[in-house]
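Keep in mind that what you see is a predicted model, and the values were worked out from it rather than measured. Quick note on labels: first sequence line is chain A, next is B, and so on, each numbered from 1.
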2 protein chains.
Amino acid sequence: MSEGDKNTIDSVIENLISIYPLLSKSFTRSIRIKTNLNPGSLFILRILDRNGILSMSEIGCKLSMPKPHVTAQVDKLIVENMVERLVDPSDRRIVNIKLTKKGKIDFESIKVQISHEMRQSIETLDEYKVKTLFESSSQLREILSEIMTENNHLQQTCFKQL
Amino acid sequence: MSEGDKNTIDSVIENLISIYPLLSKSFTRSIRIKTNLNPGSLFILRILDRNGILSMSEIGCKLSMPKPHVTAQVDKLIVENMVERLVDPSDRRIVNIKLTKKGKIDFESIKVQISHEMRQSIETLDEYKVKTLFESSSQLREILSEIMTENNHLQQTCFKQL
DNA sequence: AAATTTAGTTATACTTTTGTAACCATTTAA
DNA sequence: TTAAATGGTTACAAAAGTATAACTAAATTT
């Protein structure tokens, strides 16, 4: 690897370390204020919305969330009637989770709620910047999803890939 | 605003909501394992490294961190001899914070520590993807920094811009 | 000079997240 | 058919972040 590549990677790390708190502050506060959910259970809604059905362990793997925490968060979502547990007939130890109809509808409106300020900010940008924002966020998301597939290390190794 | 723009913004929000947990999980765990600091105090180091000297309030504004939390985190960093308090001679209410020499050195090595896994992952990517990652993270960082300048709402309004 | 505002700290309570250990039920392996 | 491994839950502890009120000291306003 050349010296230039090394510097490029340094810059990437710098950028990511800067982006993280910007996103964090933008979302977590909206989530707390505008929903009665916490960020963790919202993450679970998001991956269920994307993946359909996931087992408890798969949720924990995808979110690097300890299994006891997954249980607690899913319990909350069940109380809210946003997800449901499904016993896997082929292996009755496995508990599969999926969004309910209410969960799907609620998640859509929550997304609108928590991104309201950010949406307004983005709308003030000129067309070119919005396009740049779209492309850069798409690319970053894709590559990060690709490389962030390492296992978690929580009570047991997580073998299944994201 | 056209329907296409609205969809583009929706996609941007989707992307950002996806990127956030990926970054979060990648950094916070490394920080906890590899340093004796918490993410919050590391954020403070980062903005001090970038901005030089900042007052307590400015730190709180930039990080959307409640002032009492800033005090607590800075206290920790002072115990570690990584930052120092400087009384502002023109206004003796203001407490300015800057990195010590040790703080600068430590921060550099901490950055290497906490980004080690991510760096290794990035190194496995081909040259084109690294370039894409660099460009997209740079662009995203720049635009997010630009739009995430809203005030915090913690005990008092934060007027100064980031 | 008195009243108000601002910067920061202290104290305190609460929420969220992380982590470990122990446990049950089920499946797989010996 | 025992023994071991796996998926998940329960219980519990601790770290980290969030929030508000009350306070001191200094600056500003009136």
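- OP1 or OP2 of C/dT17 has not a single side-chain nitrogen or oxygen of B/Thr28 nearer than 4.0 Å.
- Here B/Arg29 reaches the OP1 or OP2 of C/dG19: one of its side-chain N or O atoms lies under 4.0 Å away.
- One finds a side-chain N or O of A/Lys76 lying less than 4.0 angstrom from the OP1 or OP2 phosphate oxygen of C/dT16.
- For B/Lys67, the side-chain atoms get nearest to C/dG8 when compared with the rest of C/dG8, D/dA16, D/dG7.
- With no hydrogens or angles considered, no side-chain donor-acceptor pair links A/Glu58 and A/Asn51 at under 3.5 Å.
- Comparing B/Thr71 and A/Phe43, the nucleotide of DNA chain C nearest to each residue sits closer to the 5' end for B/Thr71.
- Distance CD1 (A/Ile33) to C1' (D/dG17): 14 Å, rounded to an integer number of Å.
- With distances taken from any side-chain atom of B/Pro68 to the nucleotides D/dA19, D/dG17, C/dG8, the minimum falls on D/dA19.
- Counting heavy atoms from C-beta outward, B/Asn15 and A/Leu140 have side chains that stay 4.5 Å or more apart.
- Rounded to whole Å, atom P of C/dT17 lies 10 Å from atom CG of A/Leu42.
- Using modelled atom types, one finds a donor on one side chain and an acceptor on the other under 3.5 Å when comparing A/Ser41 with A/Asn38.
- When side chains are defined from C-beta on, B/Met82 does not count as touching B/Lys76, because their heavy atoms never get closer than 4.5 Å.
- Look at CD1 on A/Ile97: it is 12 Å from C1' on D/dT9, rounded to the nearest Å.
- Between A/Leu37 and B/His69, the residue whose closest nucleotide on DNA chain C is further toward the 5' end is B/His69.
- At a threshold of 4.0 Å, the pair A/Lys131-A/Glu127 does not count as salt-bridged, since none of the basic side-chain nitrogens sits closer than that to a carboxylate oxygen.
- Atom CG of A/Leu63 and atom P of C/dT16 are 17 Å apart (whole Å).
- Put simply, the side chain of A/Lys111 never gets that close to the backbone of B/Glu14: no donor and acceptor are under 3.5 Å apart.
- We find that CG of A/Asp75 is positioned 15 Å from P of C/dT16, with the value rounded to whole Å.
- Residue B/Gln73 has no polar side-chain atom (N or O) positioned under 4.0 Å from OP1 or OP2 of D/dA16.
- Neither OP1 nor OP2 of D/dG8 sits under 4.0 Å from any side-chain N or O of A/Arg85.
- One can place CE of B/Met65 at 12 Å from P of D/dA16, the figure rounded to the nearest angstrom.
- Atom CG of A/Asn96 is separated from atom C1' of D/dG7 by 11 Å (rounded to the nearest Å).
- Residue A/Ile94 has its side chain nearest to D/dG7 when only D/dG7, D/dT18, C/dG8 are considered.
- A/Ser137 and B/Val12 make their closest contact through OG-CA, 4.1 Å (heavy atoms, listed as atom of the first residue, atom of the second, distance).
- A salt bridge does not link A/Glu117 to A/Arg29: none of the charged nitrogens lies less than 4.0 Å from a carboxylate oxygen.
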Distances for protein N or O near nucleotides 26-30 of chain C N or O, under 3.5 Å:
residue: C/dT26; atom: OP1; partner: A/Arg92; partner atom: NH2; Å: 3.0
residue: C/dT26; atom: O2; partner: A/Arg93; partner atom: NH1; Å: 3.4
residue: C/dT27; atom: OP1; partner: A/Arg92; partner atom: N; Å: 2.9

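- In this structure, CZ of B/Arg32 is placed 17 Å from P of C/dT16, rounded to the nearest angstrom.
- A/Arg119 and B/Asp10 are joined by a salt bridge, as a carboxylate oxygen and a charged side-chain nitrogen come within less than 4.0 angstrom of each other.
- Looking only at side-chain heavy atoms (C-beta outward), B/Ile114 and A/Ile17 come within less than 4.5 Å of each other.
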Review point. Which dot-bracket string describes DNA chain D (Watson-Crick N1-N3 plus N6-O4 or O6-N4, or G-U N1-O2 and O6-N3, all under 3.5 Å; [ ] crossing; | other strand)?
Key: ||||||||||||||||||||||||||||||
